Amino acid sequence: MRTLPGYSPGMRTQVGIVGAGPAGLTLAHLLHLEGIESVILEDRSREYVEQRVRAGVLEQGTVDLLVAAGVGDRLRREGIVHGGIELRFGGQGHRIPMSDLTGGRAITIYGQQEVVKDLIAARLSYDGPLLFEVAEVAVHDLDTPRPSITYVHNGRRGELECDVIAGCDGFRGVCRDSIPPGVLQLHERVYPFGWLGILATVAPSTEELIYAYHERGFALHSLRSPKLSRLYLQVDPYEPIEDWPDERIWEELHRRFEREGWTLHEGPIIEKGITAMRSFVAEPMHYGSLYLAGDAAHVVPATGAKGLNVAVHDVKVLAEGLVEWYGSGATELLESYSDTCLRRVWRVQDFSNFMTTLLHRLDVDAFEDRLQRARLEYVCSSEAAARSLAENYVGLEKV
Ligand code: FAD
Ligand code: DHB
């Protein structure tokens, strides 16, 4: 084994995985089930990744995959299955009966950090290598069949030699930027608004998610459990969170969700933060021995609830490619990895952009406002339009 100067020859593995988010952890688990070794390197602590409040909506296909992989017991017990959503505008609610429109498919509400906890518990149950608080991660020799990852852990420099590297290190990770200039085509759209998200210890005021369009901006009522509500407000992404004391948040939520005969219940806010909205795709998702997956390769605005789901789809495709390659030496699936994933990625980009521009206050001009209103009324009055929204929202089986 050759070693980079200053690094101790450490481990050797088949698949080196950078990042222990949903993508990295799911990939490691799928590979383990097929007898393929991997090592996960994560720069944050276990506590941090297990507490990070983010997504909450799992598509039918994501739930099916986690259950089939044996990490869905708690998800099945505690996940809340929803067969519809409400679109609210003009003081009226309109239900989109997603399950009726999609032959019985549904979404499940289950916090991303719960998925992460279940996957970490599974990994540790069979002593799968998973290093937290790893610093200075760098990937090398990507254009060779012997790439490596260098890092610092517990103050010691280490080097991990691999057959392939999976870059599952999120939008701000190091893997994507390690690909030589000129290889990737980057597509990006940054929206002039963000989401202020809160978690409040109060019973949800609704049984199904409410996506509200209001002239003051978008609002979303989601939930995490019978005692925990998750709510979002469209805000200026540059506004400091300090400008949003709890009373202001509740007041704004009351205004945007206003509907006769319906009451929003308040409770203590235990978490709040502002997230920017962006669409981003790096293509191809593969260079030499490096495969990008999840947010490392693409980001969607949160309105379609797709980020986690498309990340899980990526690693399903990657795992299938690696299983074929280790099993028979055939490279077809690995070679088509990027194209296969990008088909779904662009479908999901289009849907997320559709939901975002349907429901947010866009402040373009009065003409755009009227178009937006016409689109909302169409989705709520035409079964064909509602079915299109529904099949994308619960997740298309084939793209
Ligand atoms: P990440 O979860 O970002 O994981 C990457 C991991 O890599 C992290 O643990 C990070 O610490 C680690 N890392 C980064 N750099 C390094 C490095 N140099 N070395 C080692 N490790 C590193 N998606 C949905 O599907 N449904 C939703 O309802 C939804 N709602 C959302 C709401 C909000 C407020 C936000 C912010 C996102 C939401 N998303 C949603 C998106 C979803 O959370 C992401 O798409 C998802 O986390 C992507 O998973 P990932 O594993 O690719 O990346
Ligand atoms: C949640 C997040 C989303 O982005 C969304 O569209 C619906 C629900 C949530 O965190 O529960």
Side-chain angles (χ1 to χ4, degrees), residues 16-28 40-46 48-50 52-59 61-62 80 82 85 107-113 115-116 119-120 130-139 149-153 166-178 194-199 204 208-211 218 220-225 228-232 271-278 280 292-315 345 348 351-352 355-356 359 393 395:
I17 301 177
V18 185
L25 289 165
T26 305
L27 177 64
I40 312 177
L41 303 174
E42 162 63 47
D43 69 350
R44 300 289 193 152
S45 66
R46 178 175 178 185
Y48 183 90
V49 301
E50 289 191 341
R52 190 165 42 193
V53 179
R54 286 175 114 188
V57 174
L58 306 187
E59 291 177 354
T62 305
I80 306 168
H82 280 192
I85 54 169
I107 55 146
T108 300
I109 307 292
Y110 190 67
Q112 175 169 325
Q113 75 272 32
V115 175
V116 164
L119 287 163
I120 290 175
L130 166 53
L131 274 55
F132 289 102
E133 298 180 68
V134 169
E136 296 178 38
V137 171
V139 295
I149 310 176
T150 52
Y151 58 91
V152 175
H153 188 234
C168 302
D169 49 350
F171 182 64
R172 299 189 190 285
V174 295
C175 290
R176 188 179 65 246
D177 289 344
S178 307
W195 277 15
L196 189 165
I198 64 163
L199 204 55
E208 293 183 337
L209 266 59
I210 306 171
Y211 286 81
F218 167 76
L220 169 61
H221 192 328
S222 183
L223 51 136
R224 285 294 178 273
S225 74
L228 212 50
S229 298
R230 178 89 169 133
L231 297 115
Y232 297 97
E271 208 269 346
K272 63 177 162 182
I274 294 179
T275 315
M277 287 280 137
R278 91 163 19 90
F280 174 84
L292 298 175
D295 278 18
H298 42 74
V299 176
V300 283
T303 329
K306 290 291 170 223
L308 181 153
N309 294 292
V310 76
V312 168
H313 180 263
D314 287 351
V315 296
V345 166
V348 160
F351 177 66
S352 304
M355 288 290 278
T356 302
L359 290 160
Y393 193 84

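Please read all numbers here as calculations on a predicted model, not as lab measurements. Atoms within each ligand, like the ligands themselves, are counted from 1 in listed order.
The proximity of Asp295 to ligand 1, defined as any non-hydrogen pair under 4.0 Å, involves the side chain as well as the backbone.
Which parts of ligand 2 touch Val57 is read off a 4.0 Å heavy-atom cut-off, strictly below it: atoms 7 (C), 8 (C). Atoms of ligand 1 found under 4.0 Å from any heavy atom of Cys168, numbered from 1 in the order shown, are 5 (C), 6 (C), 7 (O). The contact set between ligand 2 and Ala302, taken as ligand atoms under 4.0 Å from a residue heavy atom, comprises 3 (C), 4 (O), 5 (C), 6 (O). In summary, the atoms of ligand 1 found under 4.0 Å from a heavy atom of Val49, numbered by their order in the structure, are 9 (O). The distance from ligand 1 to the heavy atoms of Leu41 drops below 4.0 Å at these ligand atoms: 20 (C), 21 (N). The contact set between ligand 1 and Gly170, taken as ligand atoms under 4.0 Å from a residue heavy atom, comprises 3 (O), 5 (C), 53 (O). Those atoms of ligand 2 that come under 4.0 Å of a heavy atom in Trp195, given as number and element, are 3 (C), 4 (O). For ligand 1, the atoms sitting less than 4.0 Å from at least one non-hydrogen atom of Arg44 are 11 (O), numbered in the order shown with element in parentheses. Close approach of ligand 1 to Val18 (heavy-atom distance below 4.0 Å) involves ligand atoms 19 (N), 20 (C). Within the listing of ligand 1, atoms 6 (C), 7 (O), 12 (C), 21 (N) sit less than 4.0 angstrom from a heavy atom of Gly19.
Across all non-hydrogen atoms, the minimal contact from Gln112 to Pro22 is NE2-CG, 3.5 Å. Of all heavy-atom pairs between Val315 and Ala23, the closest is CG1-O, 3.4 Å. Of all heavy-atom pairs between Ala28 and Ile40, the closest is CB-CD1, 3.5 Å.
The distance from atom CD1 of Ile149 to atom CG of Leu41, rounded to the nearest 0.5 Å, is 5.0 Å. Here Leu131 contributes atom CG and Ile17 contributes atom CD1; the two are 12.5 Å apart, rounded to the nearest 0.5 Å. Within the model, atoms CD of Glu271 and CG of Leu228 stand 10.5 Å from one another, a figure rounded to the nearest 0.5 Å.
Residue Asp43 has at least one N or O atom closer than 3.5 Å to an N or O atom of ligand 1. Backbone and side-chain nitrogen or oxygen atoms of Leu308 are examined, and one is located within less than 3.5 angstrom of a nitrogen or oxygen of ligand 1. Taking any N or O of Leu223, backbone or side chain, none lies under 3.5 Å from an N or O belonging to ligand 2. Residue contacts with ligand 1: Ala305 is placed with a nitrogen or oxygen under 3.5 Å of a nitrogen or oxygen of the ligand (distance criterion only). Here's the thing with Ala311: none of its N/O atoms is less than 3.5 angstrom from an N/O atom of ligand 1. Annotation: Gly307 places an N or O atom under 3.5 Å from an N or O atom of ligand 1; distance criterion only. Annotation: Gly173 places no N or O atom under 3.5 Å from an N or O atom of ligand 1; distance criterion only. Distances between N or O atoms of Tyr393 and those of ligand 2 include no value under 3.5 Å.
Heavy-atom proximity to atom 19 (N) of ligand 1, evaluated over Thr275, Val137, Ile274, is greatest for Val137. The heavy atom nearest to atom 42 (C) of ligand 1, considering only His298, Glu136, Gln112, Arg54, is found in Gln112. For atom 49 (O) of ligand 1, the nearest non-hydrogen atom from the set Pro301, Gly194, Pro22, Gly294 comes from Pro22.
Heavy-atom distances between Arg224 and ligand 2 reach below 4.0 Å in at least one pair. Judged by the shortest distance from any of its heavy atoms, Val134 lies outside the 4.0 Å radius around the atoms of ligand 1. Residue contacts with ligand 1 include Arg52, since one of its heavy atoms falls under 4.0 Å from the ligand. Residue contact annotation: Met355 has no non-hydrogen atom under 4.0 Å from ligand 2.
The protein atom (non-hydrogen) at minimum distance from atom 28 (O) of ligand 1 is Gly56 N, 3.2 Å. Ala23 N, 2.9 Å is the protein heavy atom nearest to atom 51 (O) of ligand 1. The protein heavy-atom contact nearest to atom 14 (C) of ligand 1 is Asp169 O, 3.1 Å. Regarding atom 18 (N) of ligand 1, its nearest protein heavy-atom neighbour is Val174 CG1, 3.6 Å. Nearest protein heavy-atom contact of atom 39 (N) of ligand 1 is Ala55 CB, 3.7 Å. Glu42 OE1, 3.2 Å is the protein heavy atom nearest to atom 12 (C) of ligand 1. When only non-hydrogen protein atoms are considered, atom 32 (C) of ligand 1 lies nearest to Tyr232 OH, 3.8 Å. Considering only non-hydrogen protein atoms, atom 4 (O) of ligand 1 sits nearest to Gly21 CA, 3.4 Å.
Not one N or O on the side chain of Asn309 forms a donor-acceptor pair closer than 3.5 Å with the backbone of Thr62. A donor-acceptor pair under 3.5 Å is formed between the side chain of Arg176 and the backbone N or O of Ala296.
One finds no salt bridge joining Glu50 and Arg44 here, because no Lys/Arg side-chain nitrogen approaches an Asp/Glu carboxylate oxygen to under 4.0 Å.
Using bins of under 30°, 30° to 60° and over 60° for the plane-to-plane angle, the ring pair Trp195/Phe218 lands in the parallel bin.
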